[in-house]
Amino acid sequence: MIRANENYRKLKASYLFSDIARRVEQFQKDNPDTRVIRLGIGDVTRALPPAVIAAFHKGVDDMAADATFRGYGPEQGYAFLREKIAAHDFQARGADIAADEIFVSDGAKCDTGNFQELFAEDIRVAMPDPVYPVYLDTNVMAGRTGEFVDGRYENIVYMDCIKENRFLPQLPETPVDLIYLCFPNNPTGTCATKQDLADWVAYAIENKALILFDAAYESFVRDDALPRTIYEIEGARKVAVEFRSFSKTAGFTGTRCGYTVVPRDCQVFLSSGDAVSLHGLWNRRQSTKFNGVSYPVQKAAQAIYTTEGQAQISELVAGYLGNADIIRKTMADLNFDCVGGDNSPYIWVDGQGRDSWEFFDLLLHNAGVVCTPGGGFGRCGNPYIRISAFNSRDNVIEAMARLKEALK
Ligand code: PLP
């Protein structure tokens, strides 16, 4: 008898964004004349930058001639891309990361989801609440949790991110082995300081723990005092893996490319206490289960690091940050407390006691604007909604005008 992985039964019945889609579809059916503006799901709306497109085309042309054709590439990514990433994203910022510590992938969702495979089933896992659901659900699938009770899975150490702690996870009181951190944060839009990260690195070193640091929104950081990578922190090479994505940086959500940094100094431990190289384990995992990102896509990603590419993506990100600014100012003018939106594309808005789905429905029904209910990201997300800056300037301006009317 073929038996199912029963851990899947513990997953909450429906995924946040399918719930949203269902409600929006119903609203649209009932109100066919309303043009719905989507500031919910964090998908980019602007085209790939010209330098990226030109390199993408060139990559496709290379595939059309025997002399330049590429078949299977290295599972870890082509050296031409890994070298650019190491030099530009890390070494230029004083972070000591080598090209062979970069693993190019088809995005941070897969990598943040897959990475937990490398660890024992009975490790203690710490998760922020609210959280990007992929970290949590993949640990549920792997059998690291108990049942879902009162909005939380048993056996997970939740780190409440609430107003009182500036929405920043605090060091857990019970020891943990694996810590998920995400800065700039999805969904709250908050950023950790160098000191915050230094405290986590010290904790991980002391407890022989590992930090999985998701920096998918790194390119939105504008404040020079904030860290752009966890490897700016001394000691992080020993205890931190960093995930990056070109999705929001350069419009690759549909093109798919990102990377994961696994420093050679990171170790994990056997039950005997002997250390094993994490780099070796991830390399083995990727070589076995992954066959690399397509050559034209990696050529396209490489173009991000050219002078034109840099200027173009910086303009792209600045456009979304301009939207974020408009959203945050509007919500503040309407007397809502908000965080995020300054070094991040997300604005986390306090619903002033409303249930987050109720707040979501209010915006949808009274303004035709779609946001994301904070409760979908965890129990602590409940009084909040997340508004995303990923849309055109015109749509953001119109959405804010409608909210002013609906919420005044
Ligand atoms: N990590 C976070 C925190 C995200 O919000 C997202 C996408 O929304 C991802 C990872 C996934 O990025 P990618 O498109 O590279 O899979």
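Both counts, for ligands and for their atoms, begin at 1 and track the order of listing.
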Is there a polar contact, in the sense of an N or O pair closer than 3.5 Å, between Lys109 and ligand 1? yes
Determine whether the side chain, the backbone, both or neither of Ala108 has a heavy atom under 4.0 Å from any heavy atom of ligand 1. both
Protein heavy atom at shortest distance from atom 14 (O) of ligand 1: Ser247 OG, 2.6 Å
Answer yes or no: is there an ion pair linking Arg237 with Asp265, defined by an N-O contact shorter than 4.0 Å? yes
Using only atom types and a distance under 3.5 Å, with no angle test, would you say the side chain of Arg328 pairs donor to acceptor with the backbone of Gly340? yes
Between ligand 1 and Arg256, is the shortest N or O to N or O distance under 3.5 Å? yes
Tell me if the centroids of the rings in Tyr153 and Tyr158 come within less than 6.0 Å of each other. no
Look up atom OH in Tyr132 and atom CG in Asp214, then write down how far apart they are to the nearest 0.5 Å. 7.0 Å
For the 3.5 Å polar cut-off, considering only N or O atoms, please tell me whether Asp214 and ligand 1 meet it. yes
I'd like to know whether ligand 1 has Gly42 as a neighbour, heavy-atom separation below 4.0 Å. no
Backbone or side-chain N or O of Tyr135 under 3.5 Å from ligand 1 N or O: no
Would you say Phe246 touches ligand 1, if touching means a heavy atom closer than 4.0 Å? no
Indicate, with yes or no, if the rings of Phe213 and Phe243 have centres closer together than 6.0 Å. no
May I ask you to decide whether Arg124 forms a salt bridge with Asp177, counting only side-chain N to carboxylate O separations under 4.0 Å? yes
Counting non-hydrogen protein atoms only, what is the nearest one to atom 11 (C) of ligand 1? Give residue, atom name and distance. Tyr132 OH, 3.3 Å
Judging by distance only, is a nitrogen or oxygen of Tyr346 under 3.5 angstrom from one on ligand 1? no
Output field: ring centroids Phe103/Phe115 closer than 6.0 Å: no
re atom 8 (O) of ligand 1, the protein heavy-atom contact at minimum distance is Lys248 NZ, 2.9 Å
Tell me whether Glu117 is salt-bridged to Lys289, with the criterion being a basic N under 4.0 Å from an acidic carboxylate O. yes
Below 3.5 angstrom, do we get any N/O pair linking Thr112 and ligand 1? no
